[in-house]
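Here, residue 1 is the first one in the sequence, and each next residue gets the next number. Any value given below was found using the heavy atoms of this structure, including those in side chains, with hydrogens, waters and symmetry copies removed.
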Amino acid sequence: MRLSTITLCTFGLIAATDLLERAIAASPLAPETTQDVVVSAESDSKMVEAIAAPEAISTQEFSPTQPIKIAQSSQYYQDYQSVPTTAQSAPAVPPAPATAPQSEWIIPSNTPQPTVQATPAAPTAPTQSTPLPPNLVLTATDVQIVGAAPELQQIVRSTVRTQPGGNVSQQQLQSDIAAILETGLFSTANFTTQTNRNGVSVTFQVQPIAVQSLRLINAQALTPEIANGFFQSQIGATVSPNAINQSIRQINDWYRQNGYNLARVIGVTPSREGVLTLEVAEGTIGEIQIRFTNEDGKATDDKGQPIRGRTQESFIRRQLQIKPGQSFQEAAAREDLQRLFQTGLFTNGRVTLEGDARRTIVVYNLTEGRARALNVSGGFNDDLGIFGNLGYSDRNFNGVGQQLSSNVLVGTRDVQFDGRFVSPYRATEPDKLGYTIRGFRQRGTSRVFDDDIKLPNGDRVREGRFGGGVAVNRPIGEGWDGSLGLNYTRVSLRDRDGDVVRRDARGNPLSFSGTGIDDLTTVNFTATRDLRDNPSDPTRGSILSLSTEQSIPIGRGNILSNRLTANFAEYVPVNLFNLEKATQQPEVFAYNIQAGTTIGDLPPYNAFVLG
């Protein structure tokens, strides 16, 4: 049988093809055993440096910080997301944010969690793995992830560079394993490959970590006990980014509910040992500044110069409850402002914040009231003749809130004066007592001996008082302040010419001693409950004082008595007139109720006066 030339060529080609396939099947690319590539913990960094540079890998962190303006009532949550970084530098926590301008804060951005379709349940592992030659690049026909829940599979898919339809090589797969381990979510990771007609199928096998413990960074207000309570259900369980994010939200809610308005979790870093490291920024106070403002709230004058205040900054700082190093709390700052207003030195104040949540600068902007006054007057009356009067008062003497007042009256017939120095008690200096020193010489028409009581010469009774006293004061508990004082007063009854008189026109003695002059030495105690918003210029609130004054029977008259008094005053804001300026110049309705009695000796001039 003859065969044509074409038929012989066809048989030759088929034979050559069969020989080529036999040669390929016999090559070392198809070993008999399965080979898995496992990256150990010790070799991670070296391998990454050796094979990954200059390519970029992905490491998992909780939302990096980005500068945005915040509102006081806003809430911020951190979602687990991928943050690009270089193989040589993979920080565990976000870098410190740059200092933001006033009223701006550096906080974690509210980035939504990426949505990637997770691979269904773990497939059956391939029975045969084909290692790739070092320089061979193939097409990844399929990428599967086994050993992890769908949410962790999603993270792996977003971390590795090997994707279906993309190129894949031995070096790239080793880089992917390093990137997976770098997330800290997996204790081990390896891959297997299986060649097929169109390329290679890749399977990543991972072992998620089990959360063992919690570690806090920069936490003061947030204690380990509180933090562990939010993560209690996760300890000993397989790591879950969704559960971590939920716990972070709970911690941020706890901060807000407890008044730490600036505090929040800014980073969470898991480790392959099962330790979750939480970095928080609690609005730690780095610095406290005092700025004086004018009545318009501006910190500079018309020439651009800073407003200078009389109050010493050291005195103001002693009144503040918050200190550098503490976590900022709005309630504490509000209490500080109220305490400063109660000194009576300031008419307005506000707190502004600068810096960022890691280092907060708290600025107290204060407007001082008018503390000093000088009065000059003169005239003529029957008791003094021609007189001149000079009065001076300072409610911020020496710039520390001490009070000095004096009044001198000089006439052709008499000289009178009244001077007082007060150093108030400060709650911020509990070891120091407040004290008051007073000296006086006064004379005038008696309020007790009115027009119905005349002297034998027809004059009205003049009452003169000369003396002084000293008192100390401090809180005695439950919002009450106590004052204990020692006083001496010489009381004299005189006529218009200044002569001492003993009896009135009806023969009644004017003094307890019957000589026209009595000595009163007393010890007094006063308890006061002051709820006014401002002690020097109140617009609302009340004040109640209860006092007892015990006289000591020494000197002229040997008076032994106890004087009991009660005094209540209340201030109620109203808006009856001047409606347009009511907010700047509020109208106040005030009323006062007094009561008292005397037990023991009662000098006539010490009787209670109605009206």
Open item on the list: Minimum heavy-atom separation for A333 and Y364, please, with both atom names.
Closed with: CA-OH, 4.0 Å

- [ ] Determine yes or no for a side-chain-to-main-chain donor-acceptor pair under 3.5 angstrom, with R532 supplying the side chain and P538 the backbone.
- [x] no

- [ ] State whether the side chain of Q205 and the backbone N or O of T188 hold a donor-acceptor pair below 3.5 Å, judged by distance alone.
- [x] no

Open item on the list: For R474, give me all partners under side-chain contact (heavy atoms from CB on, under 4.5 Å), at least two apart in sequence or on another chain.
Closed with: Y425, L433

- [ ] Of all the heavy-atom pairs spanning I322 and Q326, show the shortest one and how long it is.
- [x] CA-OE1, 3.3 Å

- [ ] Check the surroundings of atom CZ in R318: do more than 12 heavy atoms from other residues, nucleotides or ligands lie under 6.0 Å from it?
- [x] yes

Task: Closest non-hydrogen atom pair, F341 against G349 - done: CZ-N, 3.4 Å

Task: Value rounded to 0.5 Å, distance of CD in Q329 from CD1 in I285 - done: 9.0 Å

Open item on the list: Tell me the closest heavy-atom pair linking E151 and P241, and the distance in Å.
Closed with: OE1-CD, 3.3 Å

Task: Residues forming a side-chain contact (heavy atoms from CB on, under 4.5 Å) with Q289, sequence neighbours excluded - done: E287, R291, I361, V363

Open item on the list: Once rounded to the nearest 0.5 Å, what's the spacing between atom CD1 of I155 and atom CG of L185?
Closed with: 5.0 Å

Task: Residues which pass side-chain hydrogen bond (donor to acceptor under 3.5 Å, both in side chains) with E273, listed by chain and number, not counting sequence neighbours - done: S271

TODO: Output the distance between atom OH (Y255) and atom CD (Q250), rounded to the nearest 0.5 Å.
DONE: 14.0 Å

Task: L138 CG to S201 OG distance, which is reported to the nearest 0.5 Å - done: 12.0 Å

Open item on the list: Going by side-chain contact (heavy atoms from CB on, under 4.5 Å), F204 matches just one of I177, N190, V146. Which one?
Closed with: I177

Would you tabulate the side-chain donor-acceptor contacts of residues 226-237 under 3.5 Å, counting partners in other chains and residues two or more places apart, or write 'none'?
| residue | atom | partner | partner atom | Å |
| --- | --- | --- | --- | --- |
| N228 | ND2 | P224 | O | 3.1 |
| Q234 | NE2 | A243 | O | 3.1 |
| Q234 | NE2 | S247 | OG | 2.7 |

- [ ] Go through the structure and list residues passing side-chain hydrogen bond (donor to acceptor under 3.5 Å, both in side chains) with K432, not counting sequence neighbours.
- [x] E429

Open item on the list: Using the side-chain contact (heavy atoms from CB on, under 4.5 Å) criterion, which residues pair with N218? Sequence neighbours excluded.
Closed with: E279

Task: Partners meeting side-chain contact (heavy atoms from CB on, under 4.5 Å) with V137 (sequence neighbours left out) - done: N167, S169

Open item on the list: Between R308 (side chain only) and P306 (backbone N and O only), is there a donor and an acceptor less than 3.5 Å apart?
Closed with: no

Open item on the list: Just to verify, what does R317 make a salt bridge (charged side-chain N to carboxylate O under 4.0 Å, His left out) with, not counting sequence neighbours?
Closed with: E313

Task: Modelled atom types, side-chain donor and acceptor of T293 and N365, under 3.5 Å - done: no

Open item on the list: Under a 3.5 Å cutoff, is there a donor and acceptor pairing between the side chains of T428 and Q319?
Closed with: yes

Task: Side-chain donor/acceptor of T141 to backbone N/O of V200, under 3.5 Å - done: yes

Open item on the list: Tell me every residue that passes salt bridge (charged side-chain N to carboxylate O under 4.0 Å, His left out) with D481, counting only those two or more places apart in sequence or in another chain.
Closed with: none

- [ ] Keeping the roles fixed (side chain from T284, backbone from G325), state whether a donor-acceptor pair exists under 3.5 Å.
- [x] no

TODO: Could I get the full list of side-chain hydrogen bond (donor to acceptor under 3.5 Å, both in side chains) partners for D533, not counting sequence neighbours?
DONE: T539

Task: Under 3.5 Å side-chain donor-acceptor pair for E295 and T367 - done: no

Task: Under the salt bridge (charged side-chain N to carboxylate O under 4.0 Å, His left out) test, residues paired with R529 that sit two or more places apart - done: none

Task: Atom of I307, atom of F292 and distance for their closest heavy-atom approach - done: CB-O, 3.3 Å

Task: N/O donor-acceptor pair under 3.5 Å between T360 side chain and D356 backbone - done: yes

- [ ] Work out which heavy atom in Y260 is nearest to a heavy atom in A221; give both atom names and the distance.
- [x] CZ-CB, 3.4 Å

TODO: Can you sort out the partners of T343 under side-chain hydrogen bond (donor to acceptor under 3.5 Å, both in side chains), two or more places apart, ordered by chain and number?
DONE: none

Open item on the list: If we ignore hydrogens and angles and just use 3.5 Å, is the side chain of K323 paired with the main-chain N or O of L320 as donor and acceptor?
Closed with: yes

TODO: Keeping the roles fixed (side chain from N348, backbone from L366), state whether a donor-acceptor pair exists under 3.5 Å.
DONE: no

Open item on the list: Within this structure, what is the OG-CG distance for the pair S327 and L262, rounded to the nearest 0.5 Å?
Closed with: 9.5 Å

